[in-house]
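All values reported here derive from a predicted model rather than from experimental measurement. Here is the naming used below: chain letters follow the sequence lines, and residue numbers restart at 1 for every chain.
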There are 2 protein chains.
Amino acid sequence: MKRLTIPEVVVARLPLYTQKLNQLLREGRESVSSQEMADHLGITSAQFRKDISFFGGFGKQGTGYNVIKLLESLRSVLNLDRIWEVALVGVGRLGQALMSYHGFSSTGFEIVMAFDNDPEIIGKSIAGIKVLDVKEMQKQICHREIPIAILTVPAASAQEIADQMIACGVKAIMNYTPTTLKVPKGIRLANIDPVLSLQTITFYL
Amino acid sequence: MKRLTIPEVVVARLPLYTQKLNQLLREGRESVSSQEMADHLGITSAQFRKDISFFGGFGKQGTGYNVIKLLESLRSVLNLDRIWEVALVGVGRLGQALMSYHGFSSTGFEIVMAFDNDPEIIGKSIAGIKVLDVKEMQKQICHREIPIAILTVPAASAQEIADQMIACGVKAIMNYTPTTLKVPKGIRLANIDPVLSLQTITFYL
DNA sequence: TAGATTGTTAATCGATTAACAATC
DNA sequence: TAGATTGTTAATCGATTAACAATC
C-alpha cells in the first residue's frame, strides 16, 4: 500500500497545509500556487509540490491548486472526513479546558467520555459530558471502542492509566503529562506537554 | 559558535532526554547507559550518544552517563538554569488552564502577566496573576522585556496580537490558536494547537 | 585484567531542493 | 499562442546508524 511509505515529516506538515487552505477558503480564494503556499508557510515551493504529489496530482499547470479540491483531498488522506470519538482521562484544569475547547468539535473530534478519580468531580458535567469514575474507564472505552485518548492525569499515574487504555483498545494517546511513556509498537503516542516545546525554544533565545 | 550548527531535530530531542533523566533521578539512579536511555525513549543508542556528543563528552566508557551531571549539562545547554518570564494573552478557558498549570513554574517558566479584552475578566486574578487590559499589553511587555508569549486568543485576532507582541520585543511565541501565523525571521514560533497533533495521528489510524 | 560502554568515523539512508519538460 | 505553474527527476544536503578503537 502506497500510504505506508509516506515519510512522517510529510504527514506532520499536512495539517498545516489544511489549516492554511481553510484560511484561504474563508477569504474566498479559489486557487493557490505552490509558491504562495510556500511563502505563507515558510517552506519551499518544491517541498509543497513534492509533499502533495505523494497523494496524487491535485494541481493544474499554469493555475495552481483548487483550494476546495485540495482541501478535500487532504482531509480524505488524513481521515478527517469522519467523526473521531475521543476519551479524556484526568479532569483537572487542563482536562476541563480541553473538554470545553471548541476547536475539537469544529474539526471532527468529539470528546465523548471523561474520567477522574476525584469524588468531588465524578458525576459533574463539564461542557455537556458527565465525568465518570476512572474505575469505569476500561469497561466504557472497550465497550465503545474509542480509538483516541487524551491523557491529562498527574505524572505519577500516567503510565498506569496509559497501560489500561491500551489494554482496552486505545490506538493513540495524546500525552499531556510530563512523562516519558512506554507504549507497545503500533500505538501512536504524541507528547504534547506544553513544557517540552518551551524547553526547545529556550535553546535559541 | 558551535551551538549554531546543532540540528533542530537534535535540540527537539533534548527536552525528552531531560524528562527521562529527571525520572531516573527521582528513582535514585546514579548512572545510565546510552542503551538504556535508547530503550526507554524508543531511539537507537548511537543516536543518543551522537546527540549528546554535540555538546561535549559527558559519559564514561564502561559506566555510562552520570545522571545528575548529564542533567545539569543539558539544562545548561537548553538555558534552563534560569527563570524565564512569560506573558499570556487571551484568558479564555485554555489560557486560564495554562495560567494554573503547575508544570510551568516547577520547570523554570513563570507566567508573570496576562491580558484579555473582556471587561468581565479584566481585573480578576487567576492563579495569583491579575488580568490586564490587552490595550496595556505593548507597554507592559516592552517595559519588562518579556521574551516569551503564549497566544491563546481567538483565531480571528491571532495575527494582529502576534504582530503587536513582536513589535515590542517578544522573541518566541507559543501559538495555541488554529492559525498559520506570519512572523519575521529570528522570531521563534511553535505551533501547538492541540488539533494539529490529532490531525497527524488520524492518518495512521 | 576483563567487561562494558563511550565518542567518533564512515557508510547508509532519507529528505530537501533546483531545475525543467510537460501542459494547462 | 505566451505565460505560468505543475509534477518529477536527479543532485544535494543532512540525519541516522553500524561498527569499532579508545578507555574507564
Polar atoms only, N or O, under 3.5 Å: list the protein pairs with nucleotides 20-24 of chain D and their distances.
residue	atom	partner	partner atom	Å
D/dT23	O4'	B/Q61	NE2	3.3
D/dC24	O2	B/Q61	O	3.2

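- Remark: C1' of D/dT16 and CZ of B/F54 are 11 Å apart, rounded to the nearest angstrom.
- Toward the 5' end of DNA chain C, the nearer of the two residues A/V10 and B/S45, judged by each one's closest nucleotide, is B/S45.
- At whole-Å resolution of the value, CD1 in A/I52 and P in C/dT16 are 14 Å apart.
- A salt bridge between A/K60 and A/E30 is absent, with no side-chain N of the basic residue lying under 4.0 Å from a carboxylate O of the acidic one.
- For the pair B/N66 CG and C/dA4 C1', the interatomic distance rounds to 17 Å; values are reported in whole Å.
- Remark: A/R13 CZ is packed, more than 12 non-hydrogen atoms of other residues, nucleotides or ligands lying under 6.0 Å away.
- In this structure, B/F48 reaches neither bases nor backbone, as no heavy-atom distance under 4.0 Å exists between it and the strands shown.
- When the side-chain nitrogen and oxygen atoms of A/Y65 are compared with OP1 and OP2 of D/dG7, one or more of them lie within a distance under 4.0 Å.
- Among pairs with a residue in residues 166-177 of chain A, those fulfilling side-chain hydrogen bond (donor to acceptor under 3.5 Å, both in side chains) read A/N175-A/T177, A/N175-A/N191, A/T177-A/T179, at least two apart in sequence or across chains.
- Distance check, rounded to the nearest 0.5 Å: CG of B/D193 to OG1 of A/T107 gives 7.5 Å.
- Paired with A/T180 under the rule side chain to side chain donor-acceptor pair (under 3.5 Å), one option of B/Q19, B/H40, B/K20 passes, and it is B/Q19.
- Pairs engaging residues 149-175 of chain A under the ring pair (Phe, Tyr, Trp, His ring centres under 6.0 Å) rule: none recorded [sequence neighbours left out].
- We find that CZ of B/F55 is positioned 16 Å from C1' of C/dT8, with the value rounded to whole Å.
- As a whole-Å value, the separation of A/D51 CG from D/dT8 P is 13 Å.
- In this structure, CG of A/L70 is placed 16 Å from P of D/dT5, rounded to the nearest angstrom.
- With no hydrogens or angles considered, no side-chain donor-acceptor pair links A/Q47 and A/D51 at under 3.5 Å.
- Neither OP1 nor OP2 of D/dT16 sits under 4.0 Å from any side-chain N or O of B/T44.
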>> Could you go through A/F54 and A/V11, starting from their C-alpha distance and side-chain angles, then the distance that decides it, and tell me whether this counts as side-chain contact (heavy atoms from CB on, under 4.5 Å)?
In response: CA-CA 10 Å; A/F54 275 108; A/V11 177; over 6 Å; no
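- Comparing B/G59 and A/Q47 by the nucleotide of DNA chain C whose heavy atom lies nearest to each, the residue mapping closer to the 5' end is B/G59.
- DNA chain D is contacted by no residue of residues 14-37 of chain B, taking any non-hydrogen atom closer than 4.0 Å.
- Taking all atoms of both residues into account, the shortest heavy-atom contact from B/Y65 to B/R49 is OH-CG, 3.5 Å.
- Pairs engaging residues 138-157 of chain A under the side-chain hydrogen bond (donor to acceptor under 3.5 Å, both in side chains) rule: A/E85-A/R144 [sequence neighbours left out].
- Rounded to whole Å, the distance from NZ on B/K50 to P on C/dA11 is 14 Å.
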> Which is it for A/F104 and A/V86 under the side-chain contact (heavy atoms from CB on, under 4.5 Å) test, yes or no, and what are the steps along the way?
Replying inline: CA-CA 10 Å; A/F104 286 133; A/V86 179; over 6 Å; no
> Given Watson-Crick or G-U pairs with both distances under 3.5 Å, what dot-bracket string fits DNA chain C, with | for other-strand pairs and [ ] for crossing?
Replying inline: ..||||||||||||||||||||||
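- Side chain to side chain, B/Q159 and B/D163 meet the donor-acceptor criterion of an N or O pair below 3.5 Å.
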